[in-house]
Protein chains: 2
Amino acid sequence: MGKGEATRERILYMAARLAAREGLEGLSLAQLADSLGVSKSGLFAHFRSKQELQLETLRAFSTRFIAEVLRPAFAQPRGLPRLRAVFANWTRRTLDRSFPGGCLFMAASIELDDREGPARDFLVQSMRDLLGLLSRTARLAVDEGHLRKDLDCDQFAFEEYGILLGLNHALRLLRDPNAERRARDAFDGLIRASISRS
Amino acid sequence: MGKGEATRERILYMAARLAAREGLEGLSLAQLADSLGVSKSGLFAHFRSKQELQLETLRAFSTRFIAEVLRPAFAQPRGLPRLRAVFANWTRRTLDRSFPGGCLFMAASIELDDREGPARDFLVQSMRDLLGLLSRTARLAVDEGHLRKDLDCDQFAFEEYGILLGLNHALRLLRDPNAERRARDAFDGLIRASISRS
DNA sequence: AAATTAAAAGACCGACCGGTCGTTTTGTCA
DNA sequence: TGACAAAACGACCGGTCGGTCTTTTAATTT
């Protein structure tokens with residue numbers, strides 16, 4: 001890996017952290033450059049425009065999220081263990097204080113939901129993939145006989161993600177010390193309702 | 001009501017709409033003034049600073065939200081009818097296409113969750129009140145015998161709000177045509193789980 | 001209708017925005 | 001080690017930001 005590539009990764013990592021706090025649009029190039037101890041033009045040499053920086057920031061975040069949160073959970077055996085591991089890992093990431101701005105995807109979801117452009121397109125595709133992955137993970141649990149046969153797995157994914165959104169809200173905005181327990185209880189309830197007949 | 005006051009209301013209404021799209025910070029005074037057909041300084045005469053404008057925008061939105069979404073639901077008899085009416089009205093408001101940026105509170109929750117200041121303080125208090133209101137509405141349903149006696153009403157409120165967050169996400173970002181049904185089904189499931197023994 | 005006050009306008013400020021450019025430093029490899 | 005290219009730099013561009021000022025216009029009030 002050349003030096004340029006290494007710097008580029010440093011930039012994108014820091015950009016994701018700052019953008020989670022300030023927003024993709026609110027993040028300024030000067031601020032990002034300062035945080036990196038780099039000149040603004042030196043930074044800008046890596047990207048053709050701020051738009052491209054935003055898109056690449058989302059891309060890099062997505063890659064890291066998959067590698068650090070999702071992939072480890074897939075080491076668990078399919079079915080309930082894997083289903084729980086995905087949720088647990090996601091929760092742990094949300095609780096992690098070393099990410100001050102929280103999840104970039106959740107922040108960007110609100111920011112980009114009414115803007116058009118490549119950044120939005122990428123985010124939408126990523127979120128569809130993510131929800132699809134949650135759904136398929138539930139599907140496997142059905143196939144394993146861990147969840148009931150007539151379960152609507154897309155509905156399961158919708159509700160699971162709703163709990164994660166609620167966790168993020170209770171934790172970051174309200175700073176509710178019970179946030180983690182509330183999310184865990186909600187997910188347990190969702191699992192329970194997905195086992196027995198509705 | 002003097003003319004100044006009327007203009008002030010017009011400003012705060014438009015500010016809430018724009019801030020829901022652009023964010024409280026991303027909203028610029030020049031843009032807001034143009035949208036209102038007013039000069040920037042004419043607008044600014046109503047507020048001592050942008051911070052104050054942001055705070056007053058949140059305040060005005062909160063007042064409108066309570067009057068237009070919550071208050072009508074309280075015309076319903078306490079218990080399940082009122083509980084469902086609150087959720088239904090909130091859902092309807094979320095679906096309303098005439099609010100392009102969606103709910104200002106949800107957007108501001110993400111934007112302000114890691115910033116300190118009076119705007120955040122006001123938002124936190126408002127959200128606590130809102131969740132408290134959801135919880136107490138559930139409590140009344142317990143008292144009426146519509147929901148089971150040992151229900152954790154704060155947990156109920158957490159899960160209900162999670163569904164509303166999921167609805168907002170599926171609707172505005174993903175533009176999922178099934179979003180409303182998903183939210184309705186999720187809420188029905190929550191009610192069902194809150195009736196019978198857990 | 002005149003006098004008074006409230007509301008809006010317009011010109012302007014320094015700071016910072018995203019972005020460009022020519023130059024200098026630094027790493028790489030023959 | 002010397003040559004070449006990649007990477008970072010500092011100065012600068014037009015434009016917009018939040019905010020201040022003085023002046024003009026419009027609404028009240030008597």
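A, B, ... follow the sequence lines: proteins, then strands. Residue 1 opens every chain.
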Take atom [atom1] of [X] and atom [atom2] of [N], then tell me their distance rounded to the nearest Å.
X     : N      : atom1 : atom2 : result
A:Q54 : C:dG18 : CD    : C1'   : 11 Å
A:Q51 : C:dG19 : CD    : P     : 8 Å
A:L53 : C:dG18 : CG    : P     : 10 Å
B:D34 : C:dG10 : CG    : C1'   : 14 Å
A:L29 : C:dG19 : CG    : C1'   : 8 Å
B:E25 : C:dC17 : CD    : C1'   : 14 Å

Sorted by number, the residues of residues 113-121 of chain A with heavy-atom contact under 4.0 Å to DNA chain D: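 Those residues whose heavy atoms fall under 4.0 Å from DNA chain D, taken from residues 113-121 of chain A, amount to none.
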When you measure from the side chain of A:S28, which nucleotide among D:dA8, C:dA8, C:dG18 comes out closest?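 Given the options D:dA8, C:dA8, C:dG18, the side chain of A:S28 is closest to C:dG18.
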Of all the choices, D:dA8, C:dA9, D:dG18, which nucleotide is nearest to the side chain of A:S39 once you look at every atom?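 Per side-chain heavy atoms of A:S39, the pick is D:dA8.
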Under 4.5 Å between any side-chain heavy atoms of B:L123 and B:E111, yes or no?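 No, every pair of side-chain atoms sits at 4.5 Å or beyond.
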What does B:L32 touch in the nucleic acid at a heavy-atom separation under 4.0 angstrom: a base, only the sugar-phosphate, or nothing?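 No contact at all - B:L32 keeps every heavy atom at 4.0 Å or more from the nucleic acid.
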Would you say a side-chain N or O of B:H46 is under 4.0 Å from OP1 or OP2 of C:dA6?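 So the side-chain polar atoms of B:H46 never come under 4.0 Å of the phosphate oxygens OP1 or OP2 of C:dA6.
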Partners meeting side chain to side chain contact (heavy atoms under 4.5 Å, CB included) with A:D143 (sequence neighbours left out):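 In terms of side chain to side chain contact (heavy atoms under 4.5 Å, CB included), with neighbours along the sequence ignored, A:D143 is linked to A:R139, A:L140.
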For B:N168, give me all partners under side chain to side chain contact (heavy atoms under 4.5 Å, CB included), at least two apart in sequence or on another chain.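 Here the qualifying residues are A:I110, B:T94, B:M106, B:R172.
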So if I take residues 10-24 of chain A and measure heavy-atom distances to DNA chain C, which residues fall below 4.0 Å?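 Close to the strand, none.
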Do we see a donor-acceptor contact under 3.5 Å between the side chains of B:Q125 and B:D129?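 Judged by distance alone, the side chains do pair up.
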How does protein contact run along nucleotides 20-26 of chain C, one letter per nucleotide 5' to 3', with B for base contact, S for sugar-phosphate only, - for none, heavy atoms under 4.0 Å? BB-----
Which angle, to the nearest 10 degrees, lies between the helix axes at the two ends of the helix from C:dA1-D:dT30 to C:dA30-D:dT1, each defined by five pairs?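 Roughly 20° between the end axes, to the nearest 10°.
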Value rounded to 0.5 Å, distance of CD in A:Q51 from CG in A:L24: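 Here the interatomic distance stands at 11.0 Å.
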Out of curiosity, B:R120 CZ to A:L173 CG, how far, rounded to the nearest 0.5 Å?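 Reported to 0.5 Å precision, the distance equals 5.5 Å.
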Mark yes or no: A:R93 above the aromatic ring of A:F65, with NZ or CZ under 6.0 Å from the six-membered ring centre and no more than 45 degrees from the axis.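 That pair does not qualify as a cation-pi contact.
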